[in-house]
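Here the structure is laid out as structure tokens; the discussion comes afterwards.
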Amino acid sequence: MIIGGDSFVDVMPDETELLSLFESLDIYDNVFEQDSIVDYWKCNSGSLSKYVWSVIDSTLDLNASPSKLPTLPLERYRLISKEEVNESSSKRDTFLCVSREQLLDAKISRAKLLSLTNSPKPVWHFEVEPESPVHYSPGDAFGFFVENDSRLVSSLLERLKINDTWYVEDTKSVPPVTLEVRSALRKQFDLYSPPKKSFLLLLSEFCENDREKRALVLLSSDVGRDTYRSLFIRGRVSLLNILVTFPSCQPPLQRVLDCLPFLAPRYYSASSCYEPCGRKIDFVFSLVHYPIFEGKKWMRRGHATGVFDRICSQLEKWSTHDLRVTMFHRPSLYFHPPDNLQIPYLMICAGTGVAPFRGFIEQRRRDYKNWLSSEDSRVATQEEPVKRTLIAPVYLFFGCRILGEFQEYLDEMESDLSSLPDSKLFVCYSRENGNEKYVQDLLKKHAEQVSNLMFSHPSSCIYVCGDGANMAKGVQESLIDIMNEQIFGNREDAKNFMKELSDEKRYVQDIWFWG
Ligand SMILES: Cc1cc2nc3c(=O)[nH]c(=O)nc-3n(C[C@H](O)[C@H](O)[C@H](O)COP(=O)(O)OP(=O)(O)OC[C@H]3O[C@@H](n4cnc5c(N)ncnc54)[C@H](O)[C@@H]3O)c2cc1C
């Protein structure tokens with residue numbers, strides 16, 4: 001089975017009768033209710049509709065005249081029957097952003113929870129086995145295609161009164177590409193990103209009910225700017241939510257597709273190191289959820305991590321099933337550890353940003369092991385001081401949230417680092433009592449060791465990895481402070497030093513931002 005929301009059917013077997021209900025359109029949505037997560041459909045379409053209309057009624061005068069209307073999207077897709085599928089058109093079942101040759105079919109073989117049980121933000125380690133071996137380096141990422149839930153797509157097709165014998169033709173491609181309509185909706189289009197104003201205007205053209213039509217026109221116009229932001233940007237109301245709340249809206253599927261963005265692959269850094277005789281690649285992710293419907297305590301799960309979280313929690317149960325995923329290799333340009341054991345480096349991360357560093361450390365450990373069994377080491381180790389100049393230390397600074405989280409990784413990396421000369425692991429916990437809450441505080445606490453390591457070799461490096469701009473900014477400020485206090489006695493020179501490191505690719509960041 002290709003992964004996507006399909007697994008959900010098995011996770012919640014009692015709920016299958018809800019399939020027929022249109023409320024199930026938002027089955028990925030979750031609601032936080034008194035600290036426990038309950039499924040979205042318990043908050044039925046009635047409350048969704050009430051929410052949307054209460055925002056509209058309280059912020060928008062439906063009698064106002066629309067101003068500055070957007071331009072309607074151009075027509076790009078065509079619905080065609082099977083008979084019409086032209087022999088010359090390329091019928092396919094793939095994604096547009098990578099070529100078929102780059103796609104890897106892989107099996108998810110194991111999952112292990114790295115966070116505490118019942119954590120509201122589960123962190124998972126999972127292992128994937130591609131059908132053909134991939135030669136990757138520590139620091140590389142892989143793109144995963146996670147399909148939309150099949151029931152979600154069924155509900156959407158039902159709502160739009162389309163049966164799945166139809167094909168979608170992309171008239172922009174030469175030759176035209178055709179996809180089965182169900183396949184297109186599952187694999188190609190992002191059903192959750194906030195609809196653009198031009199999309200709302202288009203939907204208004206297909207409303208029979210005058211109030212619904214007016215509301216959509218105004219939302220797409222300058223008059224409805226604040227309401228648009230509240231509902232769609234901050235409230236993350238999706239196309240599916242609109243179709244629930246505007247029942248008279250009956251747009252043709254091909255025009256809906258004209259407005260939908262492509263479903264982007266999600267990237268995950270390999271948390272392992274390539275093994276010549278094995279295929280397994282490790283990853284680590286944390287479940288993303290974000291607030292929806294401004295002013296309500298409702299949350300929605302991230303598209304990929306929501307699916308991965310369900311799959312990982314059910315992996316034991318699925319062990320006899322063939323859980324497959326489509327992925328591709330995305331090599332990193334500069335985010336790689338030096339292969340020279342004489343070069344010291346710092347690794348700085350928070351949360352799942354530890355992923356590549358697990359691979360870095362494993363690589364270093366193997367290189368060191370090879371060196372130990374080599375002729376060079378036999379000469380060098382006769383004198384301890386010589387050995388010290390040959391093997392440089394590496395430090396990992398790791399910011400976790402709570403004690404116990406990432407424990408398996410911590411134990412393993414601590415053991416690996418302790419087998420490398422002078423190498424160390426430094427950890428802090430943001431949700432525990434302690435002076436150093438964040439990784440930037442931890443760096444400052446060990447300022448002398450940080451600067452000593454950096455100035456012990458002309459090619460020393462710093463690697464920073466994690467999600468979010470704040471961590472990267474905080475780390476950069478701390479490093480400048482450290483260089484200022486320990487070496488330069490002047491912030492400007494410390495800043496210039498960091499810039500030089502960055503220009504020389506000796507200070508490399510792999511930071512994940514989101515919109
Ligand atoms: C090169 C690269 C490597 C990456 N490696 C990893 C990795 O090893 N492990 C890992 O867990 N992630 C990693 N990511 C991030 C990952 O690709 C996804 O962005 C993330 O898992 C969320 O995907 P989603 O589909 O679940 O959420 P989406 O459905 O894409 O997210 C929905 C919304 O949630 C918000 N959001 C997205 N991500 C976050 C976040 N992290 N925190 C808070 N809010 C967010 C945004 O508002 C977003 O629009 C990496 C990203 C890149 C570019």
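When reading the values below, keep in mind they use all heavy atoms of this one structure, side chains included, and skip hydrogens, waters and symmetry mates. Atoms within each ligand, like the ligands themselves, are counted from 1 in listed order.
With a heavy-atom cut-off of 4.0 Å, Tyr290 touches ligand 1 through its side chain alone. Contacts with ligand 1 closer than 4.0 Å are made by side-chain heavy atoms of Val288 only, the backbone lying farther away. Residue contacts with ligand 1, taken as heavy atom pairs separated by less than 4.0 Å, involve Val284 solely via the backbone atoms N, CA, C and O. Residue-level proximity to ligand 1 for Tyr267 is carried by backbone and side chain together, each with a heavy atom below 4.0 angstrom. Only side-chain heavy atoms of Arg330 come within less than 4.0 Å of ligand 1; its backbone N, CA, C and O stay farther off.
Heavy-atom proximity to atom 23 (O) of ligand 1, evaluated over Trp124, Tyr268, Tyr192, is greatest for Tyr268.
By the 4.0 Å N-to-carboxylate-O rule, Arg324 lies close enough to Glu131 to be salt-bridged with it. The residues Arg255 and Asp258 are annotated as salt-bridged, a charged nitrogen and a carboxylate oxygen being separated by less than 4.0 angstrom.
Looking only at distances, a side-chain donor or acceptor of Asn148 sits under 3.5 Å from a matching main-chain atom of Leu185. Looking only at distances, no side-chain donor or acceptor of Thr352 sits under 3.5 Å from a matching main-chain atom of Ser286.
Residue Arg236 places a heavy atom less than 4.0 Å from ligand 1.
Below 3.5 Å of separation, one finds no N or O of Arg301 facing any N or O of ligand 1.
Partners of Arg358 by side chain to side chain donor-acceptor pair (under 3.5 Å), not counting sequence neighbours, listed by chain and number: Ser271, Asp282, Glu412. In terms of the side chain to side chain donor-acceptor pair (under 3.5 Å) criterion, Glu405 has no residue partners (sequence neighbours excluded).
Near His303, the atoms of ligand 1 lying under 4.0 angstrom from a non-hydrogen atom of the residue are 24 (P), 25 (O), 26 (O), 27 (O), 28 (P), 29 (O). Atom numbering of ligand 1 starts at 1 in the shown order; those under 4.0 Å from a heavy atom of Ser286 are 11 (O).
Inspection of the Ser99 and Gln102 side chains reveals an N or O donor paired with an N or O acceptor under 3.5 Å.
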